[in-house]
Amino acid sequence: MTLLILRRLLGFALTLLAISAAVFFLMNVLPGDPAMVILGIESTEDARAALRDQLGLNDPVIWRYLAWLGGAVQGDFGVSYSFKVPVAELIAERLPMTLALAGLATVVTVALALVLGVYAATHHGRAGDWAVMAFSQLGIAIPAFWLSMLLVILFAVTLRWLPPGGFPGWDDPIAALRALILPATALALVQSAVLARVTRSAMLEVMRQTYIRTATATGLSPARVMWRHALPNALVPIVTIIGMQVANLVTGTIVIENVFYLPGLGRLVFQAISNRDLITVQAMVTLFAAIVVTANFLVDLAYLWIDPRLRART
Amino acid sequence: MLEVSGLSVAFKAGLALRGAALTLAKGERLGIAGESGSGKTLLGLSLLGMAPEAAHVTGSVQFDGQELVGAPETALRSLRGQRIAMVFQEPLSALNPLRRVGDLIAEPLRLHRGLSRAAALDRAAALLAEVGLPDPTARLRQYPHEMSGGQRQRVTIALALACDPDLLIADEPTTALDVQVAAHILDLLRDLSTRRRMALILISHDLRAIARVTDRLAILYGGDIVEQGPTADVLAAPRHPYTQGLIAARPVLSASRDRRQPLPTIPGNVPALADLPPGCRFSGRCPVELPHCHSTRPTGNPACHREAT
Amino acid sequence: MRLPANLLIGGTLVALVLGTAALSLVWTPHDATRIVVAMKFQPPSWSHPLGTDQLGRDVVSQLMVGARNSVAIALVAVLLGGGIGTALGLLAAAVGGWVEEVVMRLADFSFAFPALLFAIMLAAVFGPSLTNAVIAIAFINIPVFARVARASAAQVWTRGYVLAAASAGRGRAAITWDHVIPNVLAPVTVQLTIEFAVGILAEAALSYLGLGVQPPTPSWGRMLSEAQTLLYLAPQLAIWPGVCIMVAVLGFNLLGDGLRDLSDPMLRRAR
């Protein structure tokens with residue numbers, strides 16, 4: 001068991017190393033002169049040469065990667081070219097916003113998907129099941145950013161219940177939460193569409209098993225049979241999809257922050273792109289990819305927690 | 001105690017159970033035999049009000065004077081596990097793989113009897129001891145996958161016994177087990193029934209299993225009970241042609257059997273639900289069929305037109 | 001045989017989208033990019049069935065050209081990524097050993113880079129462009145198709161007649177061509193249809209963020225990003241491009257589901 005976790009941990013560390021290398025080499029070896037990107041075509045060759053020197057671009061790329069990696073593991077991602085402050089500081093400033101949005105969206109997604117999925121499975125073939133399946137098909141087909149705009153038209157423009165965008169800061173928690181309701185809802189509705197569908201089919205599969213009959217035959221209530229016996233057994237596929245959805249959640253958050261003008265990491269990366277701030281973009285892409293990898297590592301651990309049969313295999 | 005009359009279960013394709021009638025006294029052991037697809041399992045499930053949703057159940061199942069057919073779900077639920085318990089086939093998949101054995105057995109005790117967790121686990125250990133599992137306290141912490149098939153079947157029996165039911169329905173409890181383990185499980189069921197004065201319904205395709213355990217026997221074919229009576233009498237002198245065929249088709253291990261002779265079988269297969277004949281379900285496969293067997297349903301015990309004439 | 005409902009609905013929606021895209025090549029009610037400031041924010045009329053936008057451009061014409069652009073971009077990107085991915089998957093299954101290991105490890109690893117992240121990297125290095133969007137969408141399709149192709153191909157390689165052909169001295173390439181590819185075609189086609197839907201969604205998102213189709217070329221995603229600044233003034237402009245995206249994605253998804261049900265009777269029964 002411990003050995004198993006250690007092995008997973010090693011794989012996780014190697015994957016993190018690999019993505020950092022992939023991002024670094026992609027952004028540094030691709031044809032293109034970072035100095036040209038940063039300074040623009042109008043810049044003089046002298047200025048570009050000076051910048052290349054300053055950025056250490058004349059060193060061999062492996063050497064630069066190792067230097068960057070050495071800094072990164074200590075939390076030093078270099079200094080942003082456009083903001084003139086350490087990238088780590090920029091990220092730390094905006095991370096709470098993004099985490100709050102992603103966290104809220106995830107909680108709503110999972111809750112909604114489990115309720116809808118279990119409901120559809122227990123009403124298999126009836127109207128409720130069809131309604132959930134239709135919701136799921138539509139949710140998969142609707143881009144989160146468009147849904148956001150529809151929500152803004154309805155709740156901000158027409159009804160004026162909630163703000164259309166922007167973020168008032170954390171000093172007023174109620175206002176902050178109000179600013180997050182629409183973005184989190186847009187993300188959650190779209191994400192839960194896929195998850196509800198998976199929950200439904202996983203539950204249908206589990207409900208055919210004999211141990212569900214056994215539980216019913218011992219006189220347990222249908223709710224207890226569903227939530228305590230069936231759902232835990234359906235969790236492995238559900239958790240798998242949750243892990244796969246983290247990639248969508250990360251990109252979804254980037255997009256949604258831009259829809260609602262929320263000052264999080266997603267806004268930062270676009271500001272960095274338009275400022276041609278390669279150092280910041282590189283750090284952030286690595287961070288986003290690392291989040292996805294971490295989520296999948298946690299999913300791997302979750303399997304072990306859910307299913308004792310997997311724990312037994314070392 | 002249990003009185004079943006005119007119990008029918010209809011699916012879209014046809015009647016899977018046609019007016020079954022059975023009685024069972026307290027502590028009595030009844031065997032229900034038949035090929036797969038004869039409606040055995042469905043009969044067992046119907047007694048618990050657990051027939052599939054697509055099924056339409058009519059007739060009467062009286063348990064201690066209470067009518068179960070059409071009874072509200074809550075009433076059925078308070079009977080399940082506490083008065084009537086069921087053990088399913090496939091011990092490999094009959095236990096929730098994610099829960100410890102102790103928690104599985106403790107769950108109904110805590111919910112129905114209101115026992116504390118510690119008390120429920122104590123009781124669970126006692127039940128495991130009663131079904132013959134050595135070292136029951138250590139077993140409580142095991143997961144089902146850590147046990148053998150026979151051990152798991154003992155656990156499912158312990159789970160069924162948890163709230164001291166008056167009737168235990170065992171559906172093919174020994175199919176997935178090897179012969180020796182199966183014999184132990186069958187003896188356990190018989191002894192438990194005697195010791196606890198608990199009625200037992202043993203559903204099986206295996207006549208030897210039924211002979212080993214039960215006092216009375218009902219033969220099911222195509223949703224009809226074709227013959228019933230004391231187990232020993234039915235097996236010694238079967239009267240329905242289907243029962244006769246079933247007994248003849250039973251493999252006998254003996255030195256005297258001529259091994260060059262093929263094992264006798266009943267020709268054909270049990271037809272699909274929609275293709276069952278309207279009269280005697282066995283017509284078409286019956287060696288002694290009469291002209292009206294196909295269209296007219298025989299009554300009586302055995303339910304056979306030949307017997308009636 | 002009765003066609004399943006999802007195949008029918010999906011096919012109809014897809015035909016609608018493809019038909020509109022094709023039609024836009026030869027005819028649109030107006031020039032989709034012509035700016036007539038005097039005609040801005042026109043309500044629906046006979047001449048402009050869905051009205052005009054903030055620069056007086058006809059909305060229907062823009063949507064039609066947008067359909068063509070979306071379909072073209074998704075088609076190029078998915079075929080490119082799908083082709084490379086399928087080839088890698090076939091190679092992995094045919095050669096096995098360390099080649100298979102490397103290909104599948106890379107496929108496992110690439111999940112960390114969703115299309116948007118890849119497009120962000122490319123945009124940072126080269127500046128935003130349509131080409132980058134196409135490359136990004138193609139890239140995420142490579143591992144998807146590599147997995148699908150390898151999984152189906154690996155099954156074929158275990159079959160008796162393939163083993164017989166191999167022992168009779170047929171080369172791996174010849175066996176792949178004769179036996180493996182025909183069997184891999186069905187799952188790859190199903191996946192193409194579904195990834196087509198994903199591609200349309202990804203193109204819309206990238207164009208919305210300014211990382212895809214650049215102005216003045218009409219695109220559903222770009223129309224939405226322009227409409228967003230006008231939500232108070234002209235909310236109607238935010239409706240139709242989204243509906244178009246939804247119809248296209250829904251259509252390809254349903255069609256993909258329907259095709260999968262057709263090609264996989266086991267699955268159809270399980271549902």
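In what follows, every chain begins at residue 1, and chains take the letters A, B, ... in the order their sequences are listed.
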Within a 6.0 Å radius of atom CE on A:M244, are there more than 12 heavy atoms belonging to other residues, nucleotides or ligands? no
When the 4.5 angstrom heavy-atom criterion is applied to A:A22 and chain C, the contacting part is side chain
Greatest number of non-hydrogen atom pairs under 4.5 angstrom with chain A, of C:V243, C:V247, C:I200, falls to C:V243
Does the pair A:L150 and C:I239 meet the rule for a side-chain contact (heavy atoms from CB on, under 4.5 Å), with working shown? CA-CA 8 Å; A:L150 295 183; C:I239 304 294; 3.7 Å; yes
Turns out that what part of A:V259 lies under 4.5 Å from chain C's heavy atoms comes down to both
Highest number of heavy-atom pairs under 4.5 Å with chain C among A:L204, A:N296, A:V152 belongs to A:N296
Turns out that what part of C:A248 lies under 4.5 Å from chain A's heavy atoms comes down to neither
### Query
Do C:V125 and A:V281 touch side chain to side chain, with heavy atoms closer than 4.5 Å?
no
For C:V249 and A:I140, the nearest pair of non-hydrogen atoms, with its separation, is CG1-O, 4.1 Å
When every non-hydrogen atom of A:F270 is compared with those of C:I120, the smallest separation belongs to CE1-CD1, 4.4 Å
State, yes or no, whether a side-chain contact exists between A:F145 and C:Q228 at a heavy-atom distance under 4.5 Å. no
Exercise. Verify the neighbour count for atom CZ of A:R126: are there more than 12 heavy atoms of other residues, nucleotides or ligands below 6.0 Å?
Key: yes
Scanning both residues in full, the closest heavy-atom pair of C:A238 with A:I153 reads CB-CD1, 4.0 Å
Honestly, the part of A:V269 sitting under 4.5 Å from a heavy atom of chain C is side chain
> Is the backbone N or O of C:G221 less than 3.5 Å from a side-chain atom of A:W146, with the two atoms forming a donor-acceptor pair by type?
Replying inline: no
Max heavy-atom pairs within cutoff under 4.5 Å with chain A, candidates C:F118, C:F252, C:Y208, C:F113, goes to C:Y208
Counting heavy-atom pairs under 4.5 Å with chain A, the top scorer among C:A205, C:S225, C:P241 is C:A205
Between A:V292 and C:A112, the two heavy atoms sitting closest are CG1-CA, 4.0 Å
Note to self: Side chains of A:Q137 and C:N6: any donor to acceptor distance under 3.5 Å?
What the structure shows: no
Tightest non-hydrogen contact, residues A:M27 and C:A124, listed as CE-CB, 4.0 Å
